[in-house]
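For reference, the structure is listed below as structure tokens.
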There are 2 protein chains.
Amino acid sequence: MALQHDPRQNHLLAALSRDEYQRLAPHLERVDLRLGESLAESGKVMRHVYFPVDCIVSLLCVMEDGDSTEIAVVGAEGIVGISLFMGGETTPSRAVVQSAGSAYRLKGQLIKDEFDRASTLQHLLLRYTQALITQMAQTAVCNRHHSLDQQLCRWLLLSLDRLPTNELVMTQELIANMLGVRREGVTESAGKLQRAGLISYHRGHISILDRTGLEARVCECYAVVKKEYDRLLSYHRTG
Amino acid sequence: MALQHDPRQNHLLAALSRDEYQRLAPHLERVDLRLGESLAESGKVMRHVYFPVDCIVSLLCVMEDGDSTEIAVVGAEGIVGISLFMGGETTPSRAVVQSAGSAYRLKGQLIKDEFDRASTLQHLLLRYTQALITQMAQTAVCNRHHSLDQQLCRWLLLSLDRLPTNELVMTQELIANMLGVRREGVTESAGKLQRAGLISYHRGHISILDRTGLEARVCECYAVVKKEYDRLLSYHRTG
DNA sequence: TCGCTTCCGTGCGTTAGCGTACACGGCATG
DNA sequence: CATGCCGTGTACGCTAACGCACGGAAGCGA
């Protein structure tokens, strides 16, 4: 059905008024994003912003030695490329597709123009950016204070919230890159979760069996972020 | 001399056009901020934004158990209270004075009004916010990957950049709270720096003796943040 | 001068996570 | 069917940082 390819599956686009949406709609270009694809490189000017509909994009900080850490994750609730409307044009971080799917993209100049009209979109984007800031801040805290077990639960839940299914295609190696830890560490923590019956996985496919169980093990960071997202992004579809 | 109390010691205010500055100037209220004073509490609506001139403000994430971690630091280059113009009104983090001094504050409604005029100030604030985001992201990475020794160097250098002198009034206990580590850990790391002749300290007073030496020991995170601040905030005084 | 608090030093056992190495089984590819 | 790679399991020593405990010394107030 047609709705499968509706840009308004993205929550930001869905919250626009009819007029504003109509202005943008002709310029929205659907793109299929493959796992591992890069949407933004450190220091490079992005040509588009991306509105995910059913994919997940990780924002990663990469260090000189190649090690990386995920600082935030973006799904249908958000947008990739905030530096375009924030005015900096580039960021020092990368944006990598963590879960394949599709998104709609818009040329950089168009989002800037719309943003500068001080439209509803501007307010939406700013509130979204503030939510993103909260996610980054909480990630910093979590990295400092919480165990790998807890961080894995947080990561699984954040991913799950942005996914239509209970299954994610993701090797332990990749999760380790996201969390900035060893692959073996993920194996151990994931093993605990599997033995506890909360998840099951096999060669790059993880199924969440007991979401409530994960929520019982996760640190407070997950709830803080979720609450703030709900608070800042609980707008109603207006158009 | 009068300049000592010039709001335009704050870089954001300094970058405004004459007109814009004149609009705000009558409403700028000078406040002296004491060490440890709180400018923002988690979840509470701020009544003012603050433009520091010679003080330093830490943005802290506080957890349920009371442990905290600094996620960013703000000096004369910035502003405290971005949630007011970003639209969220509140944040889950605290803002605490880390180094006493003065700031100018502006009622929340006034900054919102000026922001919504799509003025120069809007662009400045957005670029500043992006710089702040970079600092938070890099803090997350640093928490994950770098040693306490390196993080202490980073913290000292970030503070030093926002201070007129080479001396900071700060106990090791407080630094530990900022970094989210044990006090004893700070004692050890600071001891190394002192034995190496880079700093000297005594009962809550730290003097930086060899800034270059600190820069040689710090991790890349410091440079990444500094470079991004320079890039995003290198505007010229226009009015 | 006494006494108290604050700040810093140090030592010790514990632990989470690291680096490394290796083994095993699926799955794909030839 | 053989080969090879990829994803996962496991083990072992190592280190940074932790929690805790205590001691000393500097400063402050009475």
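Values in this document were obtained by computation on a predicted structure and should not be read as measured data. Within every chain, numbering begins at 1; the chains are lettered A, B, ... in the order of the sequence lines, protein sequences first and strands thereafter.
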Legend entry - Atom pair distance, as rounded to whole Å: NZ in A:K192 and C1' in D:dT10: 14 Å
Legend entry - Ion pair A:R211/A:D161, N-O distance below 4.0 Å: yes
Legend entry - Gap between atoms CZ and C1', on A:R195 and D:dG9 respectively (whole Å): 10 Å
Legend entry - B:Q135 and B:Y229: side chain donor to acceptor below 3.5 Å: yes
Legend entry - For atom NE2 of B:H205 and atom C1' of C:dC7, their distance in whole Å: 11 Å
Legend entry - Whole-Å distance separating the NE2 atom of A:H146 from the C1' atom of D:dC18: 15 Å
Inset, instruction - Would you indicate whether A:E89, at its atom CD, is surrounded by more than 12 heavy atoms from other residues, nucleotides or ligands within a distance under 6.0 Å? - result: yes
Inset, instruction - Looking at every strand, decide which applies to B:E184 at a 4.0 Å heavy-atom threshold: base, sugar-phosphate, or nothing. - result: base
Inset, instruction - Indicate, with a heavy-atom threshold strictly under 4.0 Å, whether A:G185 touches base, sugar-phosphate, or nothing. - result: nothing
Legend entry - Of A:Y201 and B:R182, the one whose closest DNA chain D nucleotide lies more 5': A:Y201
Inset, instruction - Nearest whole angstrom, please: distance from the P of C:dC7 to the CG of B:N177. - result: 12 Å
Inset, instruction - Examine the base of C:dT6 for any acceptor or donor lying under 3.5 Å from a partner atom in the side chain of B:R203, and report the outcome as yes or no. - result: yes
Inset, instruction - For B:L35 and C:dT6, give me the distance from atom CG to atom C1', rounded to whole Å. - result: 14 Å
Inset, instruction - Could you tell me whether B:K192 and B:D149 make a salt bridge, using a distance below 4.0 angstrom between a side-chain N and a carboxylate O? - result: yes
Inset, instruction - Kindly say if B:Q172 contacts the phosphate of C:dG9, meaning a side-chain N or O under 4.0 Å from OP1 or OP2. - result: yes
Inset, instruction - Answer yes if the side chains of B:R144 and A:Q151 hold a donor-acceptor pair under 3.5 Å, and no otherwise. - result: yes
Legend entry - Minimum-distance nucleotide to B:H202 side chain [options: D:dC20, D:dG27, C:dC27]: D:dG27
Legend entry - Nearest-Å distance for atom pair CG/P, residues B:L148 and D:dT15: 18 Å
Inset, instruction - Find the distance B:E173:CD to C:dT5:P and express it as a whole number of Å. - result: 16 Å
Inset, instruction - Could you check A:R144 against A:R183 and say which one's nearest nucleotide on DNA chain D is further toward the 5' end? - result: A:R183
